[in-house]
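Each chain gets a letter, A, B and so on, in the order its sequence line appears, and its residues count up from 1.
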2 protein chains.
Amino acid sequence: MRAAIFQFSPVFGDAATNVARIEHAVRSAEAELWVLPELATTGYLFSDRAECGSLAEPVSGPSLHALADLCRERRTRLVVGFAERDGDMLFNSSAYVGPDGLVAVYRKVHLFDRELLTFDPGPDPFRVAALGPHHLGMMICFDWVFPEAARSLALLGADVIAHPSNLVLPYCQDAMVTRALENGVFCLTANRVGVERRAGVELAFTGCSRIVDPRGRVLAQAPAADDATLLADLDLDLARDKSLTPRNDRLGDRRPECYVGRRPGNARPGGPM
Amino acid sequence: MRAAIFQFSPVFGDAATNVARIEHAVRSAEAELWVLPELATTGYLFSDRAECGSLAEPVSGPSLHALADLCRERRTRLVVGFAERDGDMLFNSSAYVGPDGLVAVYRKVHLFDRELLTFDPGPDPFRVAALGPHHLGMMICFDWVFPEAARSLALLGADVIAHPSNLVLPYCQDAMVTRALENGVFCLTANRVGVERRAGVELAFTGCSRIVDPRGRVLAQAPAADDATLLADLDLDLARDKSLTPRNDRLGDRRPECYVGRRPGNARPGGPM
């Protein structure tokens with residue numbers, strides 16, 4: 001499967017321009033799956049919740065409508081980050097859209113820093129959706145810090161993790177090699193570039209979008225500061241082979257009976273030393 | 001706290017020589033905690049279970065006895081990989097020894113490749129032990145592939161993860177930056193060097209032992225092919241600060257209600273696409 005990432009610098013608050021840029025990119029190359037950055041239609045740095053609410057759209061809004069039209073026209077699929085309004089709730093979401101319309105929405109579970117001031121945390125368990133005979137899972141940006149996110153998607157059968165991002169720290173790109181390898185999945189981190197200065201805050205985004213295969217190989221990587229379209233041919237069946245040696249399986253060798261999933265209460269761990 | 005790793009090439013089947021090498025290294029530098037490689041007293045490539053059984057020692061055996069004497073003499077602590085015999089059981093274990101003797105034993109949970117032919121899998125949940133006012137957790141080599149290992153130790157309160165290793169793949173050293181960062185802990189990966197050719201198998205070990213801090217910084221790194229003593233001063237209280245931003249905590253922000261811990265049965269995940 002030919003997959004693509006479009007890394008760019010969205011214009012804050014100008015969904016029409018941002019959607020037009022996505023349309024231009026998607027019309028400029030052939031791919032069966034496109035991954036776009038987090039909050040690609042609105043930009044990132046909302047002054048406050050009210051501003052976020054005024055720019056957010058429901059899944060039935062004009063931005064996803066236009067992108068669904070694009071997918072139908074191009075017979076392609078697209079994962080795009082957007083600010084979602086659902087009644088009084090605001091989510092930092094990612095939509096998976098195909099030629100027949102909306103397939104799935106993921107609402108970001110782990111909100112980063114000021115996002116906590118403007119968005120509600122995603123309430124739903126991680127899920128996967130069909131990608132032809134394979135499966136696609138979504139996570140967004142800061143979710144990478146929590147290994148449980150990619151692990152949940154892998155346990156649900158994800159072959160590909162689409163990862164719209166607005167990264168401001170330098171660690172994620174390398175960490176995605178570990179995420180791909182430990183789960184045996186393809187990871188497509190679509191980061192943005194550029195700088196936003198709003199509400200007394202300045203953020204520089206770190207680019208370097210990358211596509212990593214289940215063996216931890218970086219198939220494609222974008223530059224740090226420029227717009228870029230990345231393309232890679234993914235053999236999705238590679239993600240069905242979880243073996244690391246003839247005797248080891250990345251998921252099958254898990255030992256949940258030995259793991260601790262929550263912090264103990266006030267019990268003091270430790271030995272005599 | 002001054003911590004040290006001694007990276008070397010154990011002589012297969014010669015515990016006396018290997019213990020003497022460890023004694024020499026530990027007497028050659030001052031440190032409050034030493035981490036040694038996996039199976040540092042026996043070497044790695046057992047021909048079969050019988051050979052492993054003939055070289056394995058109980059925790060009361062001469063190798064740990066000598067190393068406990070060393071810790072008493074030097075007023076130091078040491079984490080060392082050894083082949084453990086307990087009745088009919090054989091474990092790929094790590095001992096944590098201090099000036100007052102044995103503190104804790106960890107039996108490797110995730111066995112790698114041919115280890116499955118010679119060892120029994122560790123049956124116990126991950127645990128931590130006291131390290132002065134802090135806590136130490138142990139994992140061994142291939143455990144790194146499973147994020148649940150380091151996560152379990154962090155949730156139990158580990159400030160330091162001691163990680164005796166005999167790495168033959170090139171991925172772990174970088175992955176330990178992710179493990180340190182995602183859990184906010186110090187990670188001390190003590191790898192071995194050299195080549196073993198036994199039982200028709202040849203393994204080359206990849207060295208590059210490293211000490212990583214909770215912010216993902218590599219404090220010290222050994223060469224790929226030579227013996228080395230690594231030293232680093234660890235401010236262990238850094239591991240008590242799990243914040244990544246003023247609003248984000250690496251452990252507190254976990255959302256277990258959104259995670260999937262086991263593979264679903266025959267339920268087909270997915271959407272309509």
Within-4.5 Å side-chain heavy-atom neighbours: A:Arg254 and B:Phe146: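 They are in contact (side-chain heavy atoms under 4.5 Å apart), so the answer is yes.
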Heavy-atom contact with chain A under 4.5 Å, split by part of [X]:
X        : value
B:Leu111 : backbone
B:Leu117 : side chain
B:Ala175 : both
B:Glu257 : backbone

Restricting to pairs with a member in residues 157-169 of chain A, which pass salt bridge (Lys or Arg N to Asp or Glu O under 4.0 Å), not counting sequence neighbours?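 Counting only pairs at least two positions apart or across chains, the salt bridge (Lys or Arg N to Asp or Glu O under 4.0 Å) contacts touching residues 157-169 of chain A are A:Asp159-A:Arg240.
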Interatomic distance, CZ@B:Arg247 vs CG@A:Asp113, rounded to 0.5 Å, equals 5.0 Å
Rounded to the nearest 0.5 Å, what separates atom SG in B:Cys258 from atom NE2 in A:His110?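 So the gap between those two atoms works out to 7.0 Å.
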Ranking A:Asn183, A:Asp174, A:Thr178 by heavy-atom pairs under 4.5 Å to chain B gives rank one to A:Thr178
Taking every non-hydrogen pair under 4.5 Å, which of A:Asp100, A:Leu169, A:Leu181 racks up the most with chain B? A:Leu181
Within the distance-only criterion (no hydrogens, no angle test), does the side chain of [X] pair as donor or acceptor with the backbone N or O of [Y] below 3.5 angstrom?
X        : Y        : value
B:Arg255 : A:Pro121 : no
B:Arg151 : A:Val260 : no
A:Asn248 : B:Phe142 : no

Could you tell me which portion of [X] (side chain, backbone, both or neither) has an atom closer than 4.5 angstrom to a non-hydrogen atom of chain B?
X        : result
A:Arg179 : side chain
A:Leu136 : neither
A:Ser152 : both

Taking only residues two or more places apart in sequence, or in another chain, which ones meet A:Phe46 in a ring pair (Phe, Tyr, Trp, His ring centres under 6.0 Å)? A:Phe12, A:Phe119
Quick check: closest heavy atoms across A:Tyr171 and B:Arg215, and the distance to 0.1 Å?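 Taking every non-hydrogen atom into account, OH-O, 3.8 Å.
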Selection from B:Arg250, B:Arg127, B:Glu115 maximising heavy-atom pairs under 4.5 Å formed with chain A: B:Arg250
